[in-house]
4 protein chains.
Amino acid sequence: MPPDAARRSDRSRLAILAAARDLVVEVGYPRVSIEAIARRAGVGKQTIYRWWPSKGAVVFDAVRALSEDEAGVITLPDTGDLEADLKTVLRATAVEFTDPTLSALLRALYAEIAVDPELATLYQEKVERPLTEAKLDRLRSAQRAGQFDPDADLALCLDFLYAPFTQRWLSRTGPLDDAYADALVEATLRAFAPTARG
Amino acid sequence: MPPDAARRSDRSRLAILAAARDLVVEVGYPRVSIEAIARRAGVGKQTIYRWWPSKGAVVFDAVRALSEDEAGVITLPDTGDLEADLKTVLRATAVEFTDPTLSALLRALYAEIAVDPELATLYQEKVERPLTEAKLDRLRSAQRAGQFDPDADLALCLDFLYAPFTQRWLSRTGPLDDAYADALVEATLRAFAPTARG
Amino acid sequence: MPPDAARRSDRSRLAILAAARDLVVEVGYPRVSIEAIARRAGVGKQTIYRWWPSKGAVVFDAVRALSEDEAGVITLPDTGDLEADLKTVLRATAVEFTDPTLSALLRALYAEIAVDPELATLYQEKVERPLTEAKLDRLRSAQRAGQFDPDADLALCLDFLYAPFTQRWLSRTGPLDDAYADALVEATLRAFAPTARG
Amino acid sequence: MPPDAARRSDRSRLAILAAARDLVVEVGYPRVSIEAIARRAGVGKQTIYRWWPSKGAVVFDAVRALSEDEAGVITLPDTGDLEADLKTVLRATAVEFTDPTLSALLRALYAEIAVDPELATLYQEKVERPLTEAKLDRLRSAQRAGQFDPDADLALCLDFLYAPFTQRWLSRTGPLDDAYADALVEATLRAFAPTARG
DNA sequence: GCATAACCGAGACGGTACGTCGCGTCTTTGG
DNA sequence: CCAAAGACGCGACGTACCGTCTCGGTTATGC
């Protein structure tokens with residue numbers, strides 16, 4: 001007998017997500033326990049176990065709840081100037097990653113994903129894919145506008161734009177500032193410029 | 001009174017690292033406990049606590065022990081053909097990441113690093129930096145040989161080469177094959193070709 | 001608003017008592033839970049809580065339901081031969097106590113009674129008293145027939161007849177066979193024989 | 001690996017028994033939890049589970065600890081006057097049963113014994129048997145002194161003396177006073193008087 | 001005959017306790 | 001004097017039940 005979602009208490013759901021979010025920020029993901037989340041949320045442990053399979057899943061939903069307002073389709077800016085648009089987006093992402101709350105939550109999530117294939121799949125489908133689609137759309141638009149090599153491997157191109165960014169953030173290798181964002185965009189565009197091949 | 005390293009039992013040290021390695025592979029990092037490592041290694045718990053501050057540190061050393069034979073200075077191949085050399089190196093890295101043992105250990109380590117700044121620093125200094133230096137040497141050699149933009153930001157260039165690679169592996173986004181290694185190298189070189197900037 | 005007994009579902013009532021009875025026998029009283037009774041009876045938990053204050057009360061009623069057919073006034077055999085009649089009754093009781101179902105239920109009840117004064121009172125009034133009255137009647141009849149010391153403390157006499165019996169059964173000190181029943185009766189009658197006192 | 005009794009902490013053992021004793025008296029056996037005992041004793045739960053299999057076993061030891069000073073062989077008074085001696089003993093027992101602490105503990109124990117055969121056996125061997133032996137000794141001495149039927153079933157005789165007593169106490173059927181004690185002894189002796197049988 | 005009030009099943013909820021596992025510390029014993 | 005062994009106080013795990021509470025959905029009168 002699976003839990004009956006219709007009877008689910010929204011009050012508890014929100015309290016749990018908020019408690020999880022706050023605790024990750026306050027004491028760090030590994031020291032967050034389900035007991036502590038329940039205690040903080042004023043909720044029975046079973047209410048957590050009823051609706052989430054693991055601590056990671058709760059944090060996952062807590063992260064999603066943070067960006068819930070963006071609900072629906074995500075679109076990247078398209079002013080016609082690809083380079084400017086990409087810089088805008090990457091700089092904004094840098095700001096997000098600098099926010100301590102979001103940053104702590106996302107670190108927790110990435111750590112768990114690295115080690116839990118199921119959560120990885122979930123993240124892939126619910127978060128990554130829609131974002132990737134939006135980014136691909138912008139690149140395709142650039143291709144149509146002749147600002148981009150029509151034969152380029154767009155997935156690879158996205159890896160170039162985002163992976164170094166994410167890695168720097170995750171491993172704290174260097175600062176995530178506007179200069180780095182700009183350099184990333186410029187180098188990527190050099191690699192995939194319309195004239196780059198033949 | 002700090003432990004006297006001279007009296008340290010090498011037999012126990014190796015047994016502990018081997019047990020840690022095997023357990024991470026068998027049950028997954030989060031389910032490895034210090035108690036289990038001690039049990040498997042036939043060692044008292046205190047012997048672990050005496051020499052390592054945390055589970056992460058033990059696994060960290062276990063990873064280092066795996067590549068211990070490479071001891072000393074690391075050098076990348078330098079046949080004179082930068083593109084060929086980089087492809088060789090990246091393809092080899094892909095093979096390493098495909099090995100289940102090493103892969104499981106490294107995933108564990110990355111997960112812990114994402115969340116534990118101290119371990120991140122340790123990893124940075126003991127593992128990352130020597131590797132990065134070796135890679136930079138190879139790029140500088142290429143610059144001297146005129147195969148590379150002399151003004152290029154070499155750190156950024158390394159990010160381009162390795163970050164997408166690592167990210168694909170960590171998040172299981174796609175296959176790590178020769179084709180991907182080659183594409184990475186080619187695109188990176190396009191971005192940093194000697195002629196790339198006026 | 002107290003529950004309206006008129007509307008009570010007899011179907012549920014009987015299912016609950018049967019489930020309680022079976023569960024006590026199967027898993028032992030301490031491991032019986034109200035949830036399990038409800039589950040087994042195909043009944044909502046509230047239906048139990050509405051009509052019984054505690055697990056002990058349900059089992060109490062389950063025991064009473066077992067001997068419900070004896071409804072009304074209980075009478076002991078009175079053939080004129082007190083010794084024979086008492087032996088008949090005690091031997092029959094021994095058989096009842098040997099029945100695994102009844103025995104398990106009664107043990108549960110006694111255990112609860114030892115520790116719950118309220119249930120003790122209830123048991124006293126609903127079960128013990130009528131039985132005691134019937135037994136006293138038989139002894140009085142014997143007194144009238146001159147088979148028994150007219151000044152005897154009949155309550156004490158009943159204690160002699162039944163307490164050793166119950167104790168043996170409860171504490172599993174020895175077998176409950178015909179020989180023991182007979183010996184009990186004989187010794188008791190020796191103590192309270194008409195000629196016993198002056 | 002069974003726990004190593006040599007390393008057992010006496011401090012913890014005594015604290016646990018004291019906590020168990022106090023809690024049974026304060027809140028009643030069924031509402032005593034192992035968690036509460038551990039909390040009150042300032043002890044980890046595991047320390048209880050390591051040395052006792054169940055709540056009942058802890059209370060059992062707590063009861064034994066109460067009468068630990070009697071250590072060794074128990075002897076009943078033997079002034080030569082059997083009736084007087086038995087009355088002395090039974091009256092003393094009545095006083096013990098009236099003590100609220102001991103009474104609550106013993107009730108708990110009896111309740112658990114009624115329902116847990118293993119605990120019943122344990123109680124039988126560690127507590128009941130030595131007591132029974134002492135009582136039998138006294139009766140045998142009386143037989144030798146000609147104050148008692150030489151062919152009497154002494155076990156049955158003990159049942160007569162103690163079972164009604166215990167039952168009254170357990171089921172709160174009536175007061176446990178000197179009069180009842182005396183009446184029990186007198187009736188029992190009537191049943192087993194030397195002249196009772198041919 | 002039709003409202004309406006109750007019981008009924010189901011089961012979510014805030015809790016407490018279960019019995020187990022692991023933490024990091026401490027102590028005892030033996031090589 | 002280090003190492004094995006492992007007891008200890010502690011706290012979290014994930015599960016089972018507690019007793020309360022709301023849900024619809026049947027009944028079963030009483031207007």
Side-chain angles (χ1 to χ4, degrees), chain A residues 1-9 11-13 15 31-39 41-51 53-55, chain B residues 1 3-4 6-9 11-12 31-39 41-51 53-55, chain C residues 1-9 11-13 15 31-39 41-51 53-55, chain D residues 1-9 11-13 15 31-39 41-51 53-55:
Chain A
M1 312 149 219
D4 181 349
R7 293 197 194 275
R8 180 165 189 182
S9 157
R11 197 186 173 289
S12 297
R13 207 192 95 249
R31 275 201 293 278
V32 172
S33 67
I34 291 193
E35 295 225 352
I37 296 174
R39 219 178 295 133
V43 138
K45 271 201 292 177
Q46 201 57 49
T47 303
I48 299 185
Y49 284 109
R50 197 170 0 244
W51 302 106
S54 67
K55 186 175 73 163
Chain B
M1 40 201 111
D4 179 352
R7 293 200 178 239
R8 182 167 188 181
S9 156
R11 195 184 175 290
S12 295
R31 277 203 292 276
V32 172
S33 66
I34 290 193
E35 296 225 355
I37 296 174
R39 219 179 298 134
V43 136
K45 277 200 291 177
Q46 200 57 254
T47 304
I48 298 184
Y49 283 111
R50 206 180 340 257
W51 302 106
S54 69
K55 185 174 73 162
Chain C
M1 38 201 113
D4 179 352
R7 289 189 184 242
R8 181 167 188 180
S9 156
R11 197 185 174 290
S12 296
R13 207 192 95 250
R31 277 203 291 278
V32 173
S33 66
I34 291 194
E35 295 226 354
I37 296 175
R39 219 179 296 133
V43 137
K45 276 200 291 177
Q46 201 57 256
T47 304
I48 298 185
Y49 283 110
R50 205 180 343 256
W51 302 107
S54 69
K55 184 175 74 162
Chain D
M1 304 150 226
D4 180 351
R7 291 182 194 254
R8 181 165 189 181
S9 156
R11 196 185 175 290
S12 297
R13 207 192 93 249
R31 275 201 292 277
V32 172
S33 67
I34 291 193
E35 295 226 352
I37 297 174
R39 220 179 294 133
V43 136
K45 273 201 289 178
Q46 199 58 49
T47 302
I48 299 185
Y49 283 110
R50 206 183 337 260
W51 302 108
S54 68
K55 186 175 74 162

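Proteins come first, then strands; the chains are lettered A, B, ... in the order of their sequence lines, and each starts at number 1.
Within the 4.0 Å cut-off from OP1 or OP2 of F:dA7, not a single side-chain nitrogen or oxygen of D:S12 is found. In terms of phosphate contacts, A:R39 brings no side-chain nitrogen or oxygen within less than 4.0 Å of OP1 or OP2 of E:dG15. Applying the 4.0 Å criterion to OP1 and OP2 of E:dG11, one finds that A:W51 has every side-chain N and O outside that range. Regarding contacts with the backbone of E:dC13, a side-chain N or O of A:R50 is found under 4.0 angstrom from either OP1 or OP2.
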Do any N or O atoms of the protein come closer than 3.5 Å to N or O atoms of nucleotides 24-30 of chain F, and which pairs are they?
none

Between N or O atoms, less than 3.5 Å apart, protein on one side and nucleotides 18-20 of chain E on the other: list the pairs.
from: E:dC18; atom 1: OP1; to: D:I34; atom 2: N; distance (Å): 2.8
from: E:dC18; atom 1: OP2; to: D:I34; atom 2: N; distance (Å): 3.3
from: E:dC18; atom 1: OP2; to: D:E35; atom 2: N; distance (Å): 2.8
from: E:dG19; atom 1: OP2; to: D:Y49; atom 2: OH; distance (Å): 2.5
from: E:dG19; atom 1: O5'; to: D:Y49; atom 2: OH; distance (Å): 3.4
from: E:dG19; atom 1: N7; to: D:K45; atom 2: NZ; distance (Å): 2.8
from: E:dG19; atom 1: O6; to: D:K45; atom 2: NZ; distance (Å): 2.6

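Base-pairing analysis of DNA chain E finds the following stems of at least three consecutive Watson-Crick or G-U pairs, with both pairing distances under 3.5 Å: E:1-31 with F:1-31.
Within 6.0 Å of atom CZ in C:R8, more than 12 heavy atoms from other residues, nucleotides or ligands are found, so the atom counts as buried in its surroundings. The neighbour count for D:R11 CZ, taken as heavy atoms of other residues, nucleotides or ligands under 6.0 Å away, does not exceed 12.
For C:S54, there are no side chain to side chain donor-acceptor pair (under 3.5 Å) partners two or more places apart in sequence or in a different chain. Remark: D:R7 engages D:D4 in a salt bridge (Lys or Arg N to Asp or Glu O under 4.0 Å) (not counting sequence neighbours). Judged as a salt bridge (Lys or Arg N to Asp or Glu O under 4.0 Å), and not counting sequence neighbours, the contacts of D:K45 are D:E35.
Here the P atom of nucleotide F:dG11 and the CD1 atom of A:I37 are 18 Å apart, to the nearest Å.
Nearest-nucleotide assignment on DNA chain F puts the 5′-proximal partner with D:G42, out of C:S54 and D:G42. Between A:S9 and C:G44, the residue whose closest nucleotide on DNA chain E is further toward the 5' end is C:G44.
For the atom pair CD1 of D:I34 and NZ of D:K55, the computed distance is 8.0 Å after rounding to the nearest 0.5 Å. Remark: B:S33 OG to B:R39 CZ distance equals 6.0 Å, nearest 0.5 Å.
Nearest heavy-atom pair across B:S12 and B:T47 is CB-CG2, 4.3 Å.
Side-chain contact between A:R13 and A:W51: absent, with no pair of heavy atoms (C-beta onward) separated by less than 4.5 Å.
Closest approach to the C:T47 side chain among E:dC8, E:dC7, F:dG9 is made by E:dC8 (side chain taken as heavy atoms from C-beta onward).
Across all strands, A:R11 comes closer than 4.0 Å to no nucleic acid atom at all (heavy-atom distances). Looking at heavy-atom distances under 4.0 Å, C:R31 makes no contact with the nucleic acid at all.
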